[in-house]
Number of protein chains: 2
Amino acid sequence: MNMHSTKQTDIQIDHILKHNQLSVTDSRKKILELFLQSNGALAHGDIEKKTGEKFDRVTVYRTLQVFMEKGIIHTIPTADNAVRYALCKDECTEGHHHDNHVHFVCNACGNTICLEEVHVPEVKLPKGFQPTEVQMIVSGICKECH
Amino acid sequence: MNMHSTKQTDIQIDHILKHNQLSVTDSRKKILELFLQSNGALAHGDIEKKTGEKFDRVTVYRTLQVFMEKGIIHTIPTADNAVRYALCKDECTEGHHHDNHVHFVCNACGNTICLEEVHVPEVKLPKGFQPTEVQMIVSGICKECH
DNA sequence: AAATTATTTGCAACAAAGTTGCAGAATATT
DNA sequence: AATATTCTGCAACTTTGTTGCAAATAATTT
């Protein structure tokens, strides 16, 4: 058994890129594969490490930028300085993200996990405040590290 | 009428610093004054601008670090790369922060505001996930910009 | 109130993170 | 297979954050 992508995911990756009018290149395939493999979120640094220095730093930056613009990934805010990225669900289109689920950051393994099944609860804001997006980040110890 | 701090706030600033066993210096006074004046949160860059390049970048970094350690300020996570800091309430002590209120980021004016009166609601997590801290960031249009 | 001690500041030098222009390489189109 | 388009990697640069150390400032002692 190998650790490489199956034909299944290859087809999936190809489809996502073409569907977003992006050229299918090695770097984009590899980075997208990383996101599909990890159910959690990835920081820029993680990606550089996991691709094994195969691609230039600049390429990784630009790939993440493009994926953001196309609505393939979204950012997750964190209290430390590291911005993390995670895959968007299908409903996400260019500029419009609908990832209203809770994110969990594990203090032990450092992983950020999308808790798809946990919805962000409603909150009542003071008069005059008009919300457009709500982010909820829970930190602690994850399932695996428990 | 001048824009400088009143004697009242001067005394307050002095008290906060001494209470935390910190030397009372110009930079610390000025930076703390900025936090007391703005009801919102400040990024490192904001502070550099508002102090009018009076202090070295390094001093600002170190002052924020010390204020963090002493529990005078806390960080607010954001989706962009800029970490913001805000004053902690009195209950905050070294290492222990109790700022479980909602933070609001205005897309118009860019300000981050602490909604002290809005508590972060409880969420049920899947089995095995042990939460220690919950952050909630709402973005949209604030009271002033509405 | 002056002298001593302890702490803090600013400089310089560096490290890390992110950006931009452009020629060559890879992908897509005809 | 040839052309047009897009993407990559390099180099050079900007921005952001860190560290060591001597000079300056604040706190303490006499």
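Proteins get letters first, then strands, A, B, ... in listed order; numbering begins at 1 in each.
- Annotation: side chain of Arg28(A) is in contact with side chain of Phe67(A) (closest heavy-atom distance under 4.5 Å).
- Atom CG in Leu17(A) sits about 15 Å away from atom C1' in dT8(D), given to the nearest Å.
- Whole-Å rounding puts the Asn20(A) CG to dT27(C) P distance at 19 Å.
- Between the CZ atom of Arg57(A) and the P atom of dT19(C) there is a distance of 10 Å, rounded to whole Å.
- Atom CD of Glu117(B) is surrounded by more than 12 heavy atoms from other residues, nucleotides or ligands within 6.0 Å.
- For the pair Gln130(B) and Cys145(A), the minimum side-chain heavy-atom distance is 4.5 Å or more.
- Direction of the helix axis in the helix from dA1(C)-dT30(D) to dT30(C)-dA1(D) shifts by 30° between the two five-pair termini, rounded to 10°.
- For residues 117-146 of chain B, the ring pair (Phe, Tyr, Trp, His ring centres under 6.0 Å) pairs, not counting sequence neighbours, are Phe104(A)-Phe129(B).
- Taken from CD in Glu33(A) to OG1 in Thr51(A), the straight-line distance is 11.5 Å, to the nearest 0.5 Å.
- Salt-bridge annotation for Asp26(B) and Lys30(B): absent, with no side-chain N of the basic residue lying under 4.0 Å from a carboxylate O of the acidic one.
- When the nucleotides dT19(C), dT18(D), dG10(C) are ranked by their closest atom to the side chain of Gln65(A), dT19(C) comes out on top.
- Separating the NZ atom of Lys29(A) from the P atom of dC7(D) is a distance of 14 Å, rounded to the nearest angstrom.
- Spacing between atom NZ of Lys54(A) and atom P of dC10(D) amounts to 15 Å, rounded to whole angstrom units.
- Between Phe55(A) atom CZ and dA26(C) atom C1' there is a gap of 13 Å when expressed in whole angstrom units.
- A parallel orientation is assigned to the rings of His19(B) and His15(B), their planes being inclined by less than 30° (bins at 30° and 60°).
- Rounded to whole Å, the distance from OH on Tyr61(A) to C1' on dT20(C) is 14 Å.
- Centroid-to-centroid, the aromatic rings of Tyr85(B) and His74(B) stay 6.0 Å apart or farther.
- With respect to Leu32(B), the side chain to side chain contact (heavy atoms under 4.5 Å, CB included) criterion is satisfied by exactly one of Ile73(B), Thr9(B), Leu87(B): Leu87(B).
- Asp56(A) places its CG atom 17 Å from the P atom of dC13(D), with the value rounded to the nearest Å.
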Can you check each nucleotide of nucleotides 20-30 of chain D against protein heavy atoms at under 4.0 Å and return B for base, S for sugar-phosphate only, - for none, in 5' to 3' order? B-----SS---

